Novice: 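Sharing a structure here in structure tokens format.
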Amino acid sequence: MDISSILQGGYQHPLSRQWQGRRTLTKSMLMYPIFITDDPEASVEIKTLPGQRRWGVNKLESFLGPLVKKGLKSVILFGVPFKCEKDGKGTPADDPKGPVIQAIRKLRSLFPDLYIACDVCLCEYTSHGHCGVLNDDGTINIEPSVARIAEVALNYAKAGAHCVAPSDMMDGRIKAIKRALIDAGYGNRCTLMSYSAKFASSLYGPFREAAGSAPAFGDRKCYQLPPTAKGLARRAIQRDVTEGADIIMVKPSLPYLDIIADAAQLAPDHPLACYQVSGEYAMVCAGADAGVYDLRVMAFETVESMIRAGATLILSYFTPQFLDWLEA
């Protein structure tokens, strides 16, 4: 056998197998998505997301305290309002008494070293469930949508968020948010993480049940990217880099590993995030429950594929388990 044919000598030991990876998963690479509702005492199971719950602000200390002690470094907050009066422009999104701003302030006081990101969107707060302000015919009205999203992002920054992450996919919102942050003195105090390549995926079902954010009519295919649109995703990534995004994100992850790899090539000097979305998480859990594979082994395999593609930050519902698994 030719010398160049022998590869197994390079990975015959557990340690040398680890050396074959260009990057290894660490706790600091994990961001935990958390659903915050407007009942301060809430702790409500989300049936489609095993192990996940909607939380009230008064439950955050007991819930997150043990995870912070285990090494949790960052969270991203999603507001789930039930008691507010929703309207066409998502007025409750940045209500100072609303769940997100209350949670930001609570977490800043409880866990000073915890990095707090906030999802920025209007769909949870609009009467129609879409991610922007609508024209009379039900289509997106871009200019007021972008203005409102920038306003919400700035108010989250003012409340103490370390990072704002617009997930709405409105054209031009990165530039508008960056300008708003700079003009208000937060340009150097708040990170802007863009959902740059967010696809119109079937994998968001459990999230929409968890967040109560399904649209009242139609769908979001006119602003979320078509699953086949590789070139469009590349253009969106390049646009958001130009408009001032500090972090680029691809969502979902597993079906779009090629887009993650593209983003790593297009924005090599930016941190690259990916979101292991609710449907991905639920599928992995369901397969493990059915005995198809071991949960831990498959969770690592999925996340390691994202790292291999180029991701440096992973939003995952598996974060609490990884905090334990990475100690083992």
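As the structure is a prediction and not an experimental result, all values here were calculated from the model.
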Novice: May I ask whether Ile314 and Val297 are part of the same hydrophobic cluster, defined by side-chain heavy atoms of I, L, V, M, F, W, Y residues being less than 4.5 angstrom apart, directly or through others?
Specialist: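 They do not share one cluster, since no chain of ILVMFWY contacts under 4.5 Å joins Ile314 to Val297.
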Novice: Check whether more than 12 heavy atoms from other residues, nucleotides or ligands sit under 6.0 Å from atom CD of Glu85, and answer yes or no.
Specialist: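 Atom CD in Glu85 is not packed in, count stays at 12 or less.
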Novice: Could you tell me which non-hydrogen atom of Ser316 sits nearest to which non-hydrogen atom of Phe322, and how far apart they are?
Specialist: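 Heavy-atom minimum between the residues: OG-CE1, 4.4 Å.
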Novice: Test side chain to side chain contact (heavy atoms under 4.5 Å, CB included) on Val68 and Leu110 and set out the steps.
Specialist: CA-CA 10 Å; Val68 171; Leu110 288 173; over 6 Å; no
Novice: Please check if the side chain of Arg108 supplies one atom and the backbone of Gly160 the other of a donor-acceptor pair under 3.5 Å.
Specialist: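 Yes.
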Novice: In terms of side-chain geometry, is the basic nitrogen of Asp39 or Lys59 positioned less than 4.0 Å from the acidic oxygen of its partner?
Specialist: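 Salt bridge: no.
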Novice: Report, as yes or no, whether the 6.0 Å neighbourhood of atom CZ on Arg105 holds more than 12 heavy atoms from other residues, nucleotides or ligands.
Specialist: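 Result for CZ/Arg105: enclosed.
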Novice: So, are Asp171 and Arg239 salt-bridged, with charged N and O less than 4.0 Å apart?
Specialist: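 Arg239 and Asp171: salt-bridged.
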Novice: Do Leu232 and Val241 share a hydrophobic cluster, counting only Ile, Leu, Val, Met, Phe, Trp and Tyr and linking them when any side-chain heavy atoms are less than 4.5 Å apart?
Specialist: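 Per the 4.5 Å side-chain linkage, Leu232 and Val241 are co-clustered.
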Novice: Answer yes or no: is there an ion pair linking Glu243 with Arg179, defined by an N-O contact shorter than 4.0 Å?
Specialist: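 Between Arg179 and Glu243 there is no salt bridge, as every charged N stays at least 4.0 Å from the carboxylate O atoms.
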Novice: Distance-only, no hydrogens or angles: does the Tyr281 side chain make a donor-acceptor pair with backbone N or O of Pro50 under 3.5 Å?
Specialist: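 Yes: the side chain of Tyr281 pairs with the backbone of Pro50.
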Novice: Taking all non-hydrogen atoms of both residues into account, name the closest pair between Lys27 and Lys73 and its distance.
Specialist: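 Looks like O-CG, 4.2 Å.
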Novice: With a 4.5 Å cut-off on side-chain heavy atoms, are Phe78 and Ile76 touching?
Specialist: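 Ile76 vs Phe78: side chains touch.
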Novice: Going by heavy atoms in the side chains, are Arg54 and Ile46 under 4.5 Å from each other?
Specialist: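 They are in contact (side-chain heavy atoms under 4.5 Å apart), so the answer is yes.
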Novice: Do Ser167 and Lys198 pass the side chain to side chain contact (heavy atoms under 4.5 Å, CB included) test, and can you show the C-alpha distance, the side-chain angles, and the key distance before you say yes or no?
Specialist: CA-CA 8 Å; Ser167 61; Lys198 179 181 179 181; 3.8 Å; yes
Novice: Kindly indicate whether the side chain of Ile248, heavy atoms from C-beta on, has any atom under 4.5 Å from the side chain of Leu266.
Specialist: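 No; the side chains remain at least 4.5 Å from each other.
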Novice: Counting only heavy atoms not in Lys83, do more than 12 sit closer than 6.0 Å to its NZ atom?
Specialist: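 For Lys83, atom NZ is crowded (more than 12 foreign heavy atoms under 6.0 Å).
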Novice: Look at atom CD of Gln8 and say whether more than 12 heavy atoms of other residues, nucleotides or ligands are closer to it than 6.0 Å.
Specialist: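 It does not: Gln8 CD has 12 such atoms or fewer within range.
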Novice: Looking at Lys175, I want to see if its NZ is surrounded by more than 12 non-hydrogen atoms of other residues, nucleotides or ligands under 6.0 Å.
Specialist: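 No, because the 6.0 Å sphere around NZ of Lys175 holds 12 heavy atoms or fewer from other groups.
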Novice: Gly79 and Pro99: which non-hydrogen atoms are nearest, and at how many Å?
Specialist: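 Scanning both residues completely, I find the closest heavy atoms to be CA-CG, 4.5 Å.
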Novice: Going by atom types only, do Tyr293 and Glu301 share a side-chain donor-acceptor pair under 3.5 Å?
Specialist: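 Short answer, no.
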Novice: Under 3.5 Å, is there a donor-acceptor pair between the side chain of Arg53 and the main chain of Ser43?
Specialist: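 Looks like yes, one N/O pair under 3.5 Å.
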Novice: For the CD1 atom of Ile36 and the CG atom of Leu107, what is their distance to the nearest 0.5 Å?
Specialist: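 Reported to 0.5 Å precision, the distance equals 6.5 Å.
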Novice: Which atom names give the shortest non-hydrogen contact between Ala159 and Ile104, and what distance separates them?
Specialist: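 Scanning both residues, the minimum pair turns out to be O-CG2, 3.4 Å.
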Novice: Just by modelled atom types, is the Lys86 backbone N or O under 3.5 Å from a matching donor or acceptor in the Ser127 side chain?
Specialist: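 No, the answer is negative, given that no donor and acceptor are paired below the 3.5 Å cut-off.
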Novice: For the residue pair His128 and His130, does the interplanar ring angle fall in the parallel (under 30°), tilted (30 to 60°) or perpendicular (over 60°) class?
Specialist: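 Answer is tilted, since the angle falls between 30° and 60°.
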Novice: With no hydrogens and no angle check, just 3.5 Å: does a side-chain donor-acceptor pair link Thr302 and Gln276?
Specialist: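 Looking only at side-chain atoms, Gln276 and Thr302 do form a donor-acceptor pair, the distance falling under 3.5 Å.
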Novice: Mind listing the closest non-hydrogen atom pair of Gln52 and Tyr32 along with its distance?
Specialist: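 What the structure gives for the nearest pair is OE1-OH, 2.7 Å.
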Novice: Would you say Leu49 and Val44 are hydrophobically clustered, going by side-chain heavy atoms of ILVMFWY under 4.5 Å?
Specialist: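 No; tracing contacts between hydrophobic side chains, which count when under 4.5 Å, never links both residues.
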Novice: Taking only residues two or more places apart in sequence or in another chain, which ones pass side chain to side chain contact (heavy atoms under 4.5 Å, CB included) with Ser74?
Specialist: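 Ser74 satisfies side chain to side chain contact (heavy atoms under 4.5 Å, CB included) with Met31, Tyr115 once adjacent residues are dropped.
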Novice: Run the salt-bridge test on Arg173 and Asp240 with the 4.0 Å N-O cut-off and return the result as yes or no.
Specialist: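 Yes, this pair counts.
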Novice: Indicate the ring-plane relationship of Tyr275 and Tyr195, choosing parallel, tilted or perpendicular according to the 30° and 60° boundaries.
Specialist: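 Ring orientation, 0 to 90° scale: tilted.
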Novice: Distance check, rounded to the nearest 0.5 Å: Asp168 atom CG versus Gln224 atom CD?
Specialist: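 With rounding to 0.5 Å, CG (Asp168) is 9.5 Å from CD (Gln224).
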Novice: Using 30° and 60° as the class boundaries, would you call the ring planes of Trp325 and Phe318 parallel, tilted or perpendicular?
Specialist: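 Because their plane-to-plane angle lies in the 30° to 60° range, the rings of Trp325 and Phe318 count as tilted.
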Novice: According to a 4.5 Å side-chain heavy-atom criterion applied to Ile, Leu, Val, Met, Phe, Trp and Tyr, with indirect links allowed, do Ile182 and Val120 form part of one hydrophobic cluster?
Specialist: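 No, no single cluster joins them.
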Novice: Can you measure from CG (Leu257) to OG (Ser305) and round to the nearest 0.5 angstrom?
Specialist: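 Leu257 atom CG to Ser305 atom OG measures 4.5 Å (nearest 0.5 Å).
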Novice: Is there side-chain contact between Asp94 and Arg148, with at least one heavy-atom pair below 4.5 Å?
Specialist: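 They are in contact (side-chain heavy atoms under 4.5 Å apart), so the answer is yes.
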Novice: Backbone N or O of Ile140 within a donor-acceptor pair of the Asn135 side chain at under 3.5 Å?
Specialist: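 Pair found, side chain donor or acceptor close to backbone of Ile140.
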Novice: Do the side chains of Leu25 and Leu30 get nearer than 4.5 Å, heavy atoms only?
Specialist: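 Yes. Closest side-chain heavy atoms under 4.5 Å.
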Novice: Starting from the C-alpha separation in whole Å, work towards a yes-or-no answer on side chain to side chain contact (heavy atoms under 4.5 Å, CB included) for Gln321 and Arg296.
Specialist: CA-CA 8 Å; Gln321 290 100 314; Arg296 172 177 171 165; over 6 Å; no
Novice: Hydrophobic clustering (ILVMFWY, side-chain heavy atoms < 4.5 Å, transitive) - are Leu122 and Leu134 grouped together?
Specialist: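 Same hydrophobic cluster.
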Novice: What is the distance from atom CG of Leu272 to atom CE of Met306, rounded to the nearest 0.5 Å?
Specialist: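 So the gap between those two atoms works out to 12.0 Å.
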Novice: Which is it for Phe111 and Leu72 under the side chain to side chain contact (heavy atoms under 4.5 Å, CB included) test, yes or no, and what are the steps along the way?
Specialist: CA-CA 11 Å; Phe111 310 112; Leu72 178 67; over 6 Å; no
Novice: Is the shortest distance from a Lys or Arg side-chain nitrogen in Asp246 or Lys178 to a carboxylate oxygen in the other one below 4.0 Å?
Specialist: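 Judged by the 4.0 Å cut-off on N to carboxylate O distance, Asp246 and Lys178 do form a salt bridge.
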Novice: Quick check: do Leu313 and Met193 have side-chain heavy atoms less than 4.5 Å from each other?
Specialist: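 In short, these two side chains touch, coming nearer than 4.5 Å.
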Novice: Residues in side chain to side chain contact (heavy atoms under 4.5 Å, CB included) with Thr91, at least two apart?
Specialist: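 With neighbours one apart ignored, the set is Asp87, Lys89.
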Novice: Side-chain contact test, heavy atoms from C-beta onward, threshold under 4.5 Å: evaluate it for Tyr186 versus Leu192 and give yes or no.
Specialist: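 No, every pair of side-chain atoms sits at 4.5 Å or beyond.
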Novice: Taking the side chain as every heavy atom from C-beta outward, state whether Met29 and Ile307 have any atom pair closer than 4.5 Å.
Specialist: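 Result yes, sub-4.5 Å side-chain heavy-atom pair found.
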Novice: Just verifying a value: how many Å separate Leu254 CG and Leu203 CG, rounded to the nearest 0.5 Å?
Specialist: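 So the CG of Leu254 and the CG of Leu203 are separated by 8.5 Å.
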Novice: Hey, could you give me the CD1/SG distance between Ile259 and Cys274, rounded to the nearest 0.5 Å?
Specialist: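 Interatomic distance, Ile259 CD1 to Cys274 SG, rounded to 0.5 Å: 12.5 Å.
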Novice: If every non-hydrogen atom of Val164 is compared with every non-hydrogen atom of Ala157, which pair is closest and at what distance?
Specialist: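 So the two residues come closest at CG1-N, 4.3 Å.
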